[in-house]
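All remarks here apply to the structure that follows.
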Amino acid sequence: LDDTVQEFYMQTFGKSATSEMLTHLRRELAQAVWLHLLDDDFVSAYTHGLVLKLADGVDRLGILRFLTYSADYVEKVLMSGLKYLSHCPCPRCLVLKINFPLLGSKRDMQDRVKSRRVDDDARQQAVDRARRLIFEKGVSIGNKRISDILGAQSLVPTRVCLRLLRVHAFKS
């Protein structure tokens, strides 16, 4: 985000955006870009394939898949809608940071299986509740009410657009 965002925020709300708000806006921007890419045509082609007439004149079914590099923790957290280095920092499960000394043990693996993260309706409703408080009631992102809603799973009030594909390949 450039300085014009801070200027716009100041003109609109009469105060500077906090660092928490700027972080939130960066997350929203990343998700908006993905949402723009994942339009109805793409999701349909991703789901059902795309018939392509190749140079030999034969129609073939092409299957679209994303090949991305997202091995960095920061990128995974951004795309999964998690709070960076919080008490539940794993994008795949709800294992607590205090249990990191158990990493690699049998108990750790059992805990990871039992506590898989799921982008279900309950998660989406929690995010929507927090967003209503922020955008309709003016509650600060760092407010305890927001933390009470999202904190148990270390979520942030950002809608994750990759849920459009969750019924297909993003079931990890």
Side-chain angles (χ1 to χ4, degrees), residues 20-50 63-137 139-172:
E20 287 176 325
M21 180 54 76
L22 291 173
T23 297
H24 175 70
L25 293 174
R26 285 183 194 99
R27 287 184 188 119
E28 290 284 315
L29 177 61
Q31 294 295 328
V33 168
W34 275 103
L35 193 57
H36 181 71
L37 294 172
L38 301 177
D39 64 5
D40 291 341
D41 291 336
F42 180 87
V43 172
S44 176
Y46 183 89
T47 306
H48 306 293
L50 189 63
I63 305 296
L64 302 177
R65 292 296 175 253
F66 280 110
L67 298 174
T68 62
Y69 172 77
S70 63
D72 292 342
Y73 176 74
V74 175
E75 293 166 343
K76 287 182 180 181
V77 166
L78 173 67
M79 294 315 299
S80 56
L82 301 181
K83 196 168 189 175
Y84 183 69
L85 292 178
S86 58
H87 69 276
C88 239
C90 180
R92 296 178 145 224
C93 68
L94 298 169
V95 168
L96 299 174
K97 187 165 44 174
I98 60 171
N99 292 331
F100 277 11
L102 300 174
L103 285 175
S105 69
K106 285 184 182 180
R107 179 176 167 203
D108 172 58
M109 295 310 290
Q110 292 167 348
D111 288 347
R112 288 170 184 265
V113 170
K114 284 191 293 189
S115 65
R116 268 184 74 207
R117 268 189 200 278
V118 181
D119 184 24
D120 58 7
D121 290 337
R123 178 195 185 283
Q124 292 173 31
Q125 289 169 4
V127 169
D128 287 344
R129 259 193 334 270
R131 290 175 67 86
R132 279 193 300 279
L133 284 174
I134 293 166
F135 298 117
E136 294 174 15
K137 305 291 186 194
V139 174
S140 166
I141 289 177
N143 188 285
K144 183 180 177 338
R145 291 168 65 189
I146 303 301
S147 180
D148 288 346
I149 295 170
L150 302 176
Q153 293 189 19
S154 299
L155 299 174
V156 294
T158 303
R159 291 186 183 120
V160 178
C161 68
L162 291 178
R163 71 177 181 232
L164 294 172
L165 302 178
R166 77 177 180 190
V167 295
H168 307 292
F170 287 96
K171 286 185 177 179
S172 65

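Note: hydrogens, waters and symmetry copies are ignored here, and every other heavy atom, side chains too, is used. Positions are given from 1, in the same order as the sequence printed here.
Distance check, rounded to the nearest 0.5 Å: NE2 of His87 to CG of Asn99 gives 11.5 Å. The CZ atom of Arg131 lies 4.0 Å from the CZ atom of Arg159; values are rounded to the nearest 0.5 Å. Distance check: Ile146 CD1 to Arg129 CZ gives 10.0 Å after rounding to the nearest 0.5 Å. Summarising the geometry, atom CE belonging to Met109 is positioned 12.5 Å from atom CG belonging to Leu102; distances are rounded to the nearest 0.5 Å.
The shortest side-chain heavy-atom distance between Leu82 and Pro89 does not fall under the 4.5 Å cut-off. Looking only at side-chain heavy atoms (C-beta outward), Leu29 and Leu25 stay at 4.5 Å or farther from each other. Residues Phe42 and Leu64 meet the side-chain proximity criterion, which asks for heavy atoms closer than 4.5 Å. By the 4.5 Å heavy-atom criterion applied to side chains, Cys93 and Asp111 are not counted as neighbours. Contact check for Ile141 versus Ile134: side-chain heavy atoms found under the 4.5 Å cut-off. Cys88 has its side chain out of reach of Gln153: every pair of non-hydrogen atoms, C-beta onward, lies at least 4.5 Å apart. The shortest distance between side-chain heavy atoms of Arg112 and Leu103 falls below 4.5 Å.
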Exercise. Could you please spell out the steps behind the side chain to side chain contact (heavy atoms under 4.5 Å, CB included) verdict for Val127 and Thr158?
Key: CA-CA 7 Å; Val127 169; Thr158 303; 5.9 Å; no
Practice problem: Might you work through the side chain to side chain contact (heavy atoms under 4.5 Å, CB included) test for Leu133 and Ile149, ending with a clear yes or no? | Solution: CA-CA 10 Å; Leu133 284 174; Ile149 295 170; 3.6 Å; yes
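Residue Arg26 places its CZ atom among more than 12 non-hydrogen atoms of other residues, nucleotides or ligands, all under 6.0 Å distant.
Proximity of a side-chain donor or acceptor of Ser44 to a complementary backbone N or O of Asp40 within less than 3.5 Å is not detected. A donor-acceptor pair is defined here as one N or O able to donate and one able to accept, closer than 3.5 Å; no such pair exists between the side chain of His24 and the backbone of Val156. The main-chain N or O of Leu85 is found under 3.5 Å from a side-chain atom of Lys97 such that the two form a donor-acceptor pair. Looking at Arg123, its side chain never comes within 3.5 Å of a backbone N or O of Leu155 through a donor-acceptor pair.
Ion pairing between Asp128 and Arg132 fails under the 4.0 Å rule for side-chain N and carboxylate O.
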